[in-house]
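Heavy atoms only: backbone and side chains are in, while hydrogens, waters and symmetry mates are out.
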Amino acid sequence: MRQLIFILFFSFVSSFALSLDQVRANLAKNSFASDSIEMSIRTTVNTPAGTQVVSIYIVQKGLSKTYTELRMPIMNQRSIVNGSRMKVVDLNTNKAQILPYNGEALAAMAYTNFNPLKSGEWDEPKFVSDGVYSIRGEKGTLYYDSKKKRVEKLESGEGDSFALTTFEYDTENNLKKMTVAVAAEGVNTSVVTEILAMRSSAKFPDKLFEF
């Protein structure tokens with residue numbers, strides 16, 4: 001009888017088991033390859049001093065071609081990378097310069113990576129309730145919905161600072177909005193990133209990388 005109870009208990013616990021590798025694999029299935037993606041993004045930064053909106057259009061086509069447009073109050077710029085060269089255009093003055101490109105990722109490309117588990121050290125998932133697991137790591141504690149196969153939120157804090165990142169999705173489980181709310185020393189700020197469009201870059205014209 002005890003052996004039967006042990007087997008039933010083990011089977012019950014195993015039914016809730018989920019590995020970190022499984023979570024990473026599930027998240028990878030729901031995303032475009034980072035070297036073949038076209039995205040339009042709007043980021044709104046809200047601080048006590050005011051609000052700033054940044055619009056970014058990004059195309060990555062293969063490992064050597066990148067097209068980005070960055071529009072914000074203090075700068076409007078287009079950058080085109082093709083192999084070992086980069087063309088930078090000031091969209092306010094239309095002045096352009098061609099520079100050698102050393103292969104380092106452009107800062108704007110960080111917006112294409114919305115998978116917190118893609119880097120860093122993370123513990124194995126722990127079952128919370130109703131298909132939700134918590135995953136603790138150096139970036140904080142992430143909450144993953146195993147039924148919907150997506151990240152719901154990320155919590156992090158140190159001292160009197162606390163940050164909560166929440167994720168919103170469309171009906172096809174594609175990420176549509178990411179909101180980061182930060183409270184530090186009595187000051188509240190938020191960064192809202194909206195994905196206005198995201199698709200494969202296969203149909204993006206190759207001629208736009210030529211210069």
Side-chain angles (χ1 to χ4, degrees), residues 16-47 54 56 58-60 62-64 66 68 70 79 81 101-170 173-185 187-195 198 200-201:
F16 293 106
L18 182 71
S19 71
L20 183 60
D21 288 341
Q22 286 176 305
V23 175
R24 282 176 167 156
N26 289 336
L27 293 177
K29 291 177 183 177
N30 295 333
S31 62
F32 288 101
S34 60
D35 62 351
S36 181
I37 194 169
E38 181 179 353
M39 300 180 70
S40 179
I41 301 167
R42 180 174 60 223
T43 297
T44 304
V45 181
N46 298 295
T47 70
V54 179
I56 302 176
I58 306 173
V59 179
Q60 179 77 38
L63 299 176
S64 61
T66 305
T68 66
L70 176 64
S79 300
V81 172
Y101 179 63
N102 59 11
E104 291 184 3
L106 300 179
M109 292 306 296
Y111 284 86
T112 66
N113 181 12
F114 290 100
N115 182 356
L117 293 178
K118 198 170 185 179
S119 62
E121 296 294 328
W122 297 90
D123 296 338
E124 288 297 317
K126 292 184 178 179
F127 180 75
V128 179
S129 66
D130 195 27
V132 175
Y133 290 78
S134 66
I135 305 174
R136 185 181 297 275
E138 56 189 15
K139 298 179 182 179
T141 300
L142 176 150
Y143 291 86
Y144 173 78
D145 190 323
S146 63
K147 294 180 179 180
K148 297 178 180 179
K149 293 183 170 54
R150 66 195 195 189
V151 175
E152 296 293 345
K153 63 181 180 179
L154 174 65
E155 298 176 344
S156 60
E158 183 176 347
D160 60 354
S161 300
F162 179 78
L164 172 64
T165 304
T166 54
F167 303 87
E168 298 179 29
Y169 302 82
D170 63 16
N173 222 26
N174 296 313
L175 181 64
K176 297 301 296 181
K177 182 188 288 187
M178 180 174 68
T179 302
V180 182
V182 180
E185 299 180 353
V187 178
N188 296 320
T189 61
S190 69
V191 179
V192 180
T193 300
E194 301 169 271
I195 302 176
M198 180 171 62
S200 168
S201 62

Side chain proximity check, [X] to [Y], heavy atoms < 4.5 angstrom:
X      : Y      : result
Tyr169 : Val151 : yes
Thr189 : Val45  : no
Asp130 : Lys147 : yes
Glu124 : Ser19  : yes
Trp122 : Leu142 : yes
Leu117 : Tyr144 : no
Val54  : Leu70  : yes

Atom of [X], atom of [Y] and distance for their closest heavy-atom approach:
X      : Y      : value
Glu38  : Ser200 : OE1-O, 4.0 Å
Lys148 : Asn173 : O-ND2, 2.7 Å
Lys139 : Leu154 : O-CD1, 4.4 Å
Gln60  : Ser201 : O-OG, 2.8 Å
Pro125 : Leu20  : CD-N, 3.4 Å

Interatomic spacing from [atom1] in [X] to [atom2] in [Y] - rounded to 0.5 Å:
X      : Y      : atom1 : atom2 : result
Ile56  : Thr43  : CD1   : OG1   : 5.5 Å
Asp145 : Glu152 : CG    : CD    : 5.0 Å
Asp123 : Glu138 : CG    : CD    : 10.5 Å

By side-chain hydrogen bond (donor to acceptor under 3.5 Å, both in side chains) - contacts of Glu168 (at least two apart)
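side-chain hydrogen bond (donor to acceptor under 3.5 Å, both in side chains) check on Glu168 returns nothing, list empty.
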Only pairs at least two apart or in different chains count here, so list each salt bridge (charged side-chain N to carboxylate O under 4.0 Å, His left out) that has a residue in residues 17-28.
none
